[in-house]
Amino acid sequence: MLSAALVLAAIAFMHMYMWGLLTVPQDLGWVQTRGELSAVLLTALLLAAPVLLLLRRFDLPFGAVALTYAAVNLGMSVMLAPGEWRVVLLALLSGLLADVLCALLRPSPARVWAWRAFAFLLPLCVWVPYLGGAVRLGLSNLSLELWLGVAVMSGLGGLGLSVLLVPPPMPVEE
């Protein structure tokens, strides 16, 4: 898990200006909103990919996702938004929620429907609280349709990753 966290941290560093957890999207105009929401979708895929890759081969210990998400977002917060503790706390809590989902669903390539459900719900664990909380706290003025739609799109991205990592079986030729 440590190696996956380090790889995620390196990739997050390379994409730091598109790290969606450090910019609260605002509905300020088409171009700016499109860029901010694109950053959310990219970050969702970057956060989901290492977890799904590890789950494809190993059973993760409880807390692994939480510690990975918290460590990576701590590094990003220190670099880009010193003193911003809410993102790290959100990442830790979102990771714990993902760990609970992982323990309940027990996703694996052998249990394809649990695998697909977990892959869809994993990004939602991060983005529904983040975007919904930002709107609730008055930090963002996105409409319900926009922030919830982007959260669902991030879940669909996770579902797409799950299909790439565990493709459906090939049809039998006669």
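It should be emphasised that the depicted structure is a prediction, and the values quoted were computed from it without experimental measurement. One is the number of the first residue; the rest follow in order along the sequence.
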Next on the checklist: Run the side chain to side chain contact (heavy atoms under 4.5 Å, CB included) test against Ala39 and tell me which residues pass, sequence neighbours left out.
Outcome noted: Met18
Next on the checklist: With side-chain hydrogen bond (donor to acceptor under 3.5 Å, both in side chains) as the rule and sequence neighbours excluded, what pairs involving residues 4-15 come up?
Outcome noted: none
Next on the checklist: Test of understanding: with salt bridge (Lys or Arg N to Asp or Glu O under 4.0 Å), list the residues that count as partners of Arg86, not counting sequence neighbours.
Outcome noted: Glu84
Checklist entry - side chain to side chain contact (heavy atoms under 4.5 Å, CB included) with Leu137: which residues, sequence neighbours excluded? => result Leu139
Item to check | salt bridge (Lys or Arg N to Asp or Glu O under 4.0 Å) pairs, two or more places apart, involving residues 55-79 | outcome: none
Next on the checklist: I need the minimum non-hydrogen distance between Ala98 and Val65, along with the two atoms involved.
Outcome noted: CB-CG1, 3.8 Å
Next on the checklist: Between Pro50 and Val7, is there a side-chain heavy-atom distance shorter than 4.5 Å?
Outcome noted: no
Next on the checklist: Checking the side chain of Ser154 only, and the main-chain atoms of Ala151 only, is there a donor and an acceptor separated by less than 3.5 Å?
Outcome noted: yes
Checklist entry - Can you name the residues that form a side chain to side chain contact (heavy atoms under 4.5 Å, CB included) with Phe58, not counting sequence neighbours? => result Leu54
Next on the checklist: Using a 6.0 Å cut-off, check whether atom CZ of Phe62 has over 12 heavy atoms from anything other than its own residue.
Outcome noted: yes
Checklist entry - Are Leu89 and Val87 co-members of a hydrophobic cluster defined by side-chain heavy atoms under 4.5 Å apart? => result no
Checklist entry - So do the side chains of Leu142 and Val150 get within less than 4.5 Å of each other, counting heavy atoms only? => result no
Checklist entry - Which pairs, with at least one residue in residues 143-152 and sequence neighbours excluded, count as a salt bridge (Lys or Arg N to Asp or Glu O under 4.0 Å)? => result none
Item to check | Hydrophobic cluster membership, Met79 vs Leu42, 4.5 Å side-chain cutoff | outcome: yes
Next on the checklist: Between Leu8 and Val78, is there shared hydrophobic-cluster membership here, with clusters defined by ILVMFWY side-chain heavy atoms closer than 4.5 Å?
Outcome noted: no
N/O donor to acceptor pairs below 3.5 angstrom from side-chain atoms of residues 158-165, sequence neighbours left out:
from   : atom 1 : to     : atom 2 : distance (Å)
Ser162 : OG     : Arg116 : NH1    : 3.4
Ser162 : OG     : Leu159 : O      : 2.6

Which pairs of donor and acceptor atoms, one on a side chain in residues 66-76, lie under 3.5 Å apart (sequence neighbours left out)?
from  : atom 1 : to    : atom 2 : distance (Å)
Thr68 : OG1    : Ala64 : O      : 2.8
Tyr69 : OH     : Leu47 : O      : 3.0
Asn73 : OD1    : Trp19 : NE1    : 2.9
Asn73 : ND2    : Tyr69 : O      : 2.9

Checklist entry - Same hydrophobic cluster for Phe13 and Leu80, using side-chain heavy-atom links shorter than 4.5 Å among ILVMFWY? => result yes
Checklist entry - In terms of hydrophobic clusters joined by side-chain contacts under 4.5 Å, are Trp113 and Leu101 together? => result no
For residues 118-132, tabulate all N or O donor-acceptor pairs below 3.5 Å that involve a side-chain atom, not counting sequence neighbours.
from   : atom 1 : to    : atom 2 : distance (Å)
Tyr130 : OH     : Leu21 : O      : 3.2
Tyr130 : OH     : Thr23 : O      : 3.3

